[in-house]
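What follows is a single structure, written as structure tokens, with notes after it.
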Amino acid sequence: LSSWLRQKMKTLLVLCVVCTLVVLSASVTAEQKLKNCNEVRAAYSSKGFNVNDVPNKGVNGAPLKVCPQGFSCCTVEMEEKLSQQSHTEIKAPVSRLSTNLQSTFKQKHDHFDNFFRELLKNAEVSLHNMFVRTYGMMYVQNAELFKNFFEALTRYYVSGSAAVNLDSMLSDFWADLLERMFRLVNVQYEFSDAYMECVSRHTEQLQPFGDVPRKLRIQLTRAFVAARTFVRGLALMPEVVNRVSTVSASPSCVRAAMKMLYCPYCSGQVALKPCQNYCLNVMRGCLANQADLDTEWNNFLDAMLSLAERLEGPFNFESVMDPIDVKISEAIMNMQENSMQVSQKVFQGCGMPKPSMAFRSTRSVKETSFTGRFRPYSPDARPTTAAGTSLDRLTNDVKKKLKHAKKFWSTLPETVCAGERIAPGDECWNGTAKSRYESVVIGNGLANQVSNPDVDVDITKPDIMIRSQIAVLKEMTSWLKAAHSGNDISVENDEEASGGEESGSGCDSPSCDSNEDIYFSTPPNPGKPRVNLVHSNTSAGVASQGSMALALCGLILALLAPHLR
């Protein structure tokens, strides 16, 4: 038995020695690779940096400020340049997403704005053509009344109640039209200005145009408030995205990005990508303030979607403007048909006017009266307006885009930390080595960053710019909800309604450079280094494993020595 035990122990010793030699061999190979920094030089050069910055072989990494300080292919100067590169690289995907969002809704704003303006112009042209055919010179002589009417509507669409009081404008229009028509149907009389003021005071009691003015006022108010508020909402979206995308990255964010993206270079693992959860924690720390915009952003989008439903239904701008010429002509015909009764009531209330000295014959009445009639309005007979589209098509399209834009800010980290930017499973960089990332993924928003293991975020200092945009969105949401009920509560100066011009900063250190925008326009994609994947750990790590193996063998030899004698 003693002989058998000795044999087994000798075999175990042989295996131990072989294991040690293998580990030491791997350690030597890894150290040789790290001593030879050729792969790092190629990858560093592909980023546009001077290859002469990279040492030919590994150096002492003790001076490094971010990356592990063992034997390294990085210098302090390289670390600084790679920090700037990492800053650019975390901005690039967010910048691209933000630019796409801005472009989408800038385009939608232009489509709606051009459509509404063209509807207004088409309605004016249609009324002019119809009235010229129907009323001839009687219309031409009074055309400025209708021209002014459409100019006022256009000003109201552009600037709202700050430029035009819609109720007063409509009241003045009908009063002016009544005065002109009253003179035309009573050409045999002369009317002083004081007499016509008396007629205007009785307009509501007389209702010379029937119920058309009341209905048209309600329809125009709702349609215009909904249209102009919706267009203002579409214009606000790119403005908010643009302002939020100018917020600066904090130094701690840049540091974390450098550690995540380029510290593998220093250990010679140039193709190693970050673990997904590691990337999520870094990006949620860097985008903490932006995530806080999400709640009010989603409320705003919900209000836009609700108002879009109104535009398709009872507040449809197109269905109000398209037949407006027919509606006004219907009012004129009501006045014609009731002219005798209206005149009698006026004469009773304001007194009998003096006969006109210029009146010559009964024929003059026929030559100077409105005699036109219109065929009924048929929507099918009208051409499709605004470059071949319709309001229904526009709203259907924009609703899809609005729904897609929800949760944009809170999902940015997930969008960035996907695809080729990260490595799945355990074959990834966890911040210190090629291994599984063990930390818990923290939540979105500033308050959750108190426990972020990878980015130091000062949760007591919310970004000023983002807080101002939260207030802007909240205000715009209240306008949209009011417009949904047919009310216009927009401020007098819409040009200033999009928020302040302060320049916010997410910096949590006085050393933060305020000129560095966290998202500029997307830079060119940096060239992908053509290098082979390095599977070995750093030489320091492998050498450590070799030392452990030798120590273990020494212990085994010490324990077995008495039995081998």
Side-chain angles (χ1 to χ4, degrees), residues 86-87 90-91 93-95 97-98 101 237 240-260 274-303 405-418 422 430-431 437-478 499-500 502-514 516-519:
S86 64
H87 187 192
I90 63 163
K91 288 187 300 185
V94 179
S95 175
L97 291 165
S98 299
L101 192 66
M237 292 181 71
V240 170
V241 175
N242 180 57
R243 287 193 171 102
V244 171
S245 65
T246 62
V247 173
S248 299
S250 68
S252 61
C253 168
V254 176
R255 179 185 179 88
M258 163 64 194
K259 185 178 180 182
M260 177 177 75
C275 304
Q276 184 176 31
N277 287 351
Y278 175 36
C279 178
L280 284 174
N281 274 347
V282 171
M283 294 310 298
R284 285 184 177 179
C286 288
L287 298 172
N289 280 285
Q290 285 81 350
D292 282 347
L293 191 74
D294 215 50
T295 299
E296 207 53 55
W297 174 264
N298 292 336
N299 291 339
F300 162 74
L301 292 177
D302 285 336
K406 291 188 72 173
K407 298 185 179 179
F408 175 79
W409 303 104
S410 61
T411 58
L412 271 177
E414 283 83 353
T415 308
V416 172
C417 299
I422 53 98
N430 67 4
Y437 181 74
E438 300 291 349
S439 298
V440 176
V441 179
I442 52 96
N444 280 301
L446 199 60
N448 286 314
Q449 305 313 307
V450 68
S451 57
N452 193 316
D454 298 297
V455 188
D456 294 327
V457 181
D458 187 348
I459 65 169
T460 66
K461 294 180 180 178
D463 185 85
I464 296 172
M465 173 59 76
I466 289 175
R467 297 296 144 174
S468 74
Q469 295 310 297
I470 289 173
V472 166
L473 287 170
K474 190 173 292 187
E475 182 181 39
M476 190 70 221
T477 300
S478 69
E502 303 91 348
S503 176
S505 171
C507 299
D508 53 18
S509 164
S511 64
C512 178
D513 183 358
S514 61
E516 282 189 338
D517 297 333
I518 188 167
Y519 318 127

Partner set under side-chain hydrogen bond (donor to acceptor under 3.5 Å, both in side chains) for [X], not counting sequence neighbours:
| X | value |
| --- | --- |
| Gln449 | Asn452 |
| Lys406 | Asp302 |
| Thr460 | Asp458 |
| Asn277 | none |

Tell me the salt bridge (Lys or Arg N to Asp or Glu O under 4.0 Å) pairs involving residues 277-288, sequence neighbours left out? Arg284-Glu414

Atom of [X], atom of [Y] and distance for their closest heavy-atom approach:
| X | Y | value |
| --- | --- | --- |
| Pro93 | Val416 | CG-CG1, 3.9 Å |
| Cys279 | Ile422 | CB-CG2, 3.8 Å |
| Val282 | Ala256 | CG1-CB, 4.1 Å |

Tell me every residue that passes side chain to side chain contact (heavy atoms under 4.5 Å, CB included) with [X], counting only those two or more places apart in sequence or in another chain.
| X | value |
| --- | --- |
| Thr477 | Glu296, Phe300, Ala303, Lys481 |
| Asp294 | Trp297, Asn298, Lys407, Trp409, Ser410 |
| Ala291 | Asn444 |
| Thr415 | Leu97, Thr411 |

Do Asn289 and Arg467 have side chains that get closer than 4.5 Å, going by heavy atoms? yes

Out of curiosity, Met260 CE to Met283 CE, how far, rounded to the nearest 0.5 Å? 6.5 Å

When rounded to the nearest 0.5 angstrom, what distance separates CG in Leu473 from CG in Asn299? 9.0 Å

Ring pair (Phe, Tyr, Trp, His ring centres under 6.0 Å) involving Tyr437 - partner list, sequence neighbours excluded: Tyr278

Report the residue from Val455, Asp454, Asn281 that forms a side-chain contact (heavy atoms from CB on, under 4.5 Å) with Ile442. Asn281

